[in-house]
Student: 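My questions will all concern the structure given below.
Keep in mind that this is a model prediction, so the values were computed, not measured. In what follows, every chain begins at residue 1, and chains take the letters A, B, ... in the order their sequences are listed. Excluded from the calculations below are hydrogen atoms, water molecules and symmetry mates; all remaining heavy atoms, backbone and side chain alike, are included.
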There are 2 protein chains.
Amino acid sequence: MPTRFHLSAFLPYRLAVLSERISRRISVEYDRSHGLSVAEWRVLVHLSRCGAVSVRDIHDCVNLEKSRVSRAVARLEQDGLVSKTPVDGDGRLVAISLTATGRAALDEIVPNARTIEKTLRDSVSPEDLDTFFRVMEQWHAVLDRDPVAKPRSRMDLDGVEGPATPGPRDADGMR
Amino acid sequence: MPTRFHLSAFLPYRLAVLSERISRRISVEYDRSHGLSVAEWRVLVHLSRCGAVSVRDIHDCVNLEKSRVSRAVARLEQDGLVSKTPVDGDGRLVAISLTATGRAALDEIVPNARTIEKTLRDSVSPEDLDTFFRVMEQWHAVLDRDPVAKPRSRMDLDGVEGPATPGPRDADGMR
DNA sequence: TCAATATTGTTGCAAGTGCAATGATATCGA
DNA sequence: TCGATATCATTGCACTTGCAACAATATTGA
């Protein structure tokens, strides 16, 4: 039997293609207007919810390698969108927070992002959307059982559609 | 109104996280055993179906930038998994095809990839899976209507679950 | 026919990325 | 108390990536 394998019917490939297409469409909104990368966008969005947090916290919450977070934060600080202040009580930590400029940038971008997402959500029935998310969660669960797969990040486990409180750590997101 | 935006509830982000997690799990199979990248994996798989094809054809079919294809093919040739031969009749084209070694590599990897995909597919009901794919297609359709979004690639349009014939171009995939 | 245009594949370059190593600081345990 | 270990953020390095420019070849249209 020859190895016949149709890439376009391969689930992981299909998911990657759609995901990348949507991500790219969204990135137009924050790249074109503010020159942001995916990493920078995720950092900004996380900060808008969680206030002053550490690199480690961002790394935990937004599925980015910690070096990627570190560099994204450095670029954002360079551009004046975030500020870093040392944390007293723990000399290793850095508290990263939005500046007024950063918040203004988000206020410009977020409505557009929301609009695109709404268009996608509205294009299918609520039941189908529920099913879609249920399947996604099911596949995450499959991967959770797979010792070879990368573990799921904290916020993706307990944060989805959940309360606005940061999670198991301290309320301010540090420590 | 403050810009409150929950990344973990943001559709594009959720999709990206799941997609990347699954892709990484699959990549373990071809990276660990043969040191392949995503691009190289996609090229190999495409070749296994479509025989001798051009860089342009691969670019069209597997959602990879043409320079990425060109470099992936160069690496694969270096490793002896594919061969490049000039096309007589058109001096610009190169016919890329699997070598015996390349086919052997695929024969090792593909069953594992299939197994993982099957585990995912089997973890949800056929109806839910249908719905999932229907929603994916619907979102592609939304993006198809969006002038800012990147157009869908040819094979993703007409090739899904379709016949084994290469598509609108010549049967050998060249020209 | 042949100049203008298009297509194909590759490459230069700047920027981004993952991984491991590093230095600095905190915490733990005898 | 204090050495061993853990945690945090950054950095070095090799590698990948996207984009634009490029050379080579084909195609087109007057």
Side-chain angles (χ1 to χ4, degrees), chain A residues 16 20-21 23-24 27-28 30-32 35-43 52-79 82-97 150 153-154 169-170 173-175, chain B residues 16 20-21 23-24 27-28 31-32 35-43 52-79 82-97 150 154 169-170 173-175:
Chain A
E20 204 215 320
R21 200 169 176 221
S23 282
R24 263 182 123 70
S27 80
V28 169
Y30 50 74
D31 181 21
R32 187 166 56 180
L36 300 179
S37 68
V38 176
E40 288 156 357
W41 157 250
R42 287 193 190 174
V43 168
V53 293
S54 64
V55 168
R56 161 77 171 166
D57 181 88
I58 302 174
H59 160 67
D60 275 346
C61 293
V62 304
N63 272 285
L64 293 173
E65 206 64 30
K66 65 176 178 171
S67 65
R68 214 172 146 190
V69 173
S70 181
R71 284 166 174 141
V73 167
R75 288 189 293 264
L76 289 169
E77 191 190 24
Q78 194 88 19
D79 297 346
V82 307
S83 62
K84 303 199 308 199
T85 54
V87 172
D88 49 278
D90 193 330
R92 299 167 301 179
L93 291 170
V94 183
I96 300 151
S97 54
K150 199 184 78 175
S153 73
R154 171 165 66 82
R169 296 189 176 192
D170 284 2
M174 305 301 296
R175 280 294 152 81
Chain B
E20 205 215 319
R21 200 168 177 222
S23 282
R24 263 181 122 72
S27 80
V28 169
D31 181 20
R32 187 165 57 182
L36 300 178
S37 69
V38 176
E40 288 157 354
W41 158 249
R42 287 194 190 173
V43 168
V53 293
S54 64
V55 167
R56 158 79 170 165
D57 180 89
I58 302 174
H59 160 66
D60 275 347
C61 293
V62 303
N63 272 285
L64 293 174
E65 206 64 31
K66 66 176 179 172
S67 65
R68 215 173 147 190
V69 172
S70 180
R71 284 166 173 141
V73 167
R75 286 191 293 264
L76 288 169
E77 191 189 24
Q78 194 87 18
D79 297 346
V82 307
S83 62
K84 303 200 307 198
T85 54
V87 171
D88 48 277
D90 193 330
R92 300 167 302 177
L93 291 169
V94 183
I96 300 151
S97 54
K150 201 184 79 177
R154 172 165 66 82
R169 294 188 175 192
D170 283 1
M174 306 300 297
R175 279 296 152 83

Student: Within the pair Ser54(A) and dC8(D), is there a side-chain N or O less than 4.0 Å away from OP1 or OP2?
Tutor: no
Student: Which whole-number value in Å describes the distance from Asp90(B) CG to dG9(C) P?
Tutor: 8 Å
Student: Ile96(A) and Ile58(A): which non-hydrogen atoms are nearest, and at how many Å?
Tutor: CD1-CD1, 4.1 Å
Student: Closest approach of Arg42(B) and Ala16(A), non-hydrogen atoms and distance?
Tutor: NH2-CB, 3.8 Å
Student: Taking CG from Leu93(B) and P from dT7(C), how many angstroms apart are they, rounded to a whole number?
Tutor: 13 Å
Student: Asn63(B) has an atom CG; how far is it from atom P of dT17(D), in whole Å?
Tutor: 14 Å
Student: Please list, chain by chain and in numerical order, all residues satisfying side-chain contact (heavy atoms from CB on, under 4.5 Å) with Arg92(A), sequence neighbours excluded.
Tutor: Asp90(A)
Student: On the nucleotide dC8(D), are OP1 or OP2 found under 4.0 Å from the side-chain N or O atoms that Lys84(A) carries?
Tutor: no
Student: To the nearest Å, how far apart are Asp57(B) CG and dT8(C) C1'?
Tutor: 13 Å
Student: Each nucleotide in nucleotides 14-24 of chain C should get exactly one letter: B, S or -. Can you fill that in based on protein heavy atoms under 4.0 Å?
Tutor: --SSBB-----
Student: What is the distance from atom NZ of Lys66(B) to atom CZ of Arg71(B), rounded to the nearest 0.5 Å?
Tutor: 12.0 Å
Student: Do you know which two heavy atoms are closest between His59(B) and Glu65(B), and how far apart they sit?
Tutor: ND1-C, 3.8 Å
Student: Take atom CG of Asp31(B) and atom C1' of dT16(D), then tell me their distance rounded to the nearest Å.
Tutor: 13 Å
Student: Looking at dA9(D), dT25(C), dT8(C), which one has an atom nearest to any side-chain atom of Arg56(A)?
Tutor: dA9(D)
Student: Going by heavy atoms in the side chains, are Lys150(A) and Asn63(A) under 4.5 Å from each other?
Tutor: yes
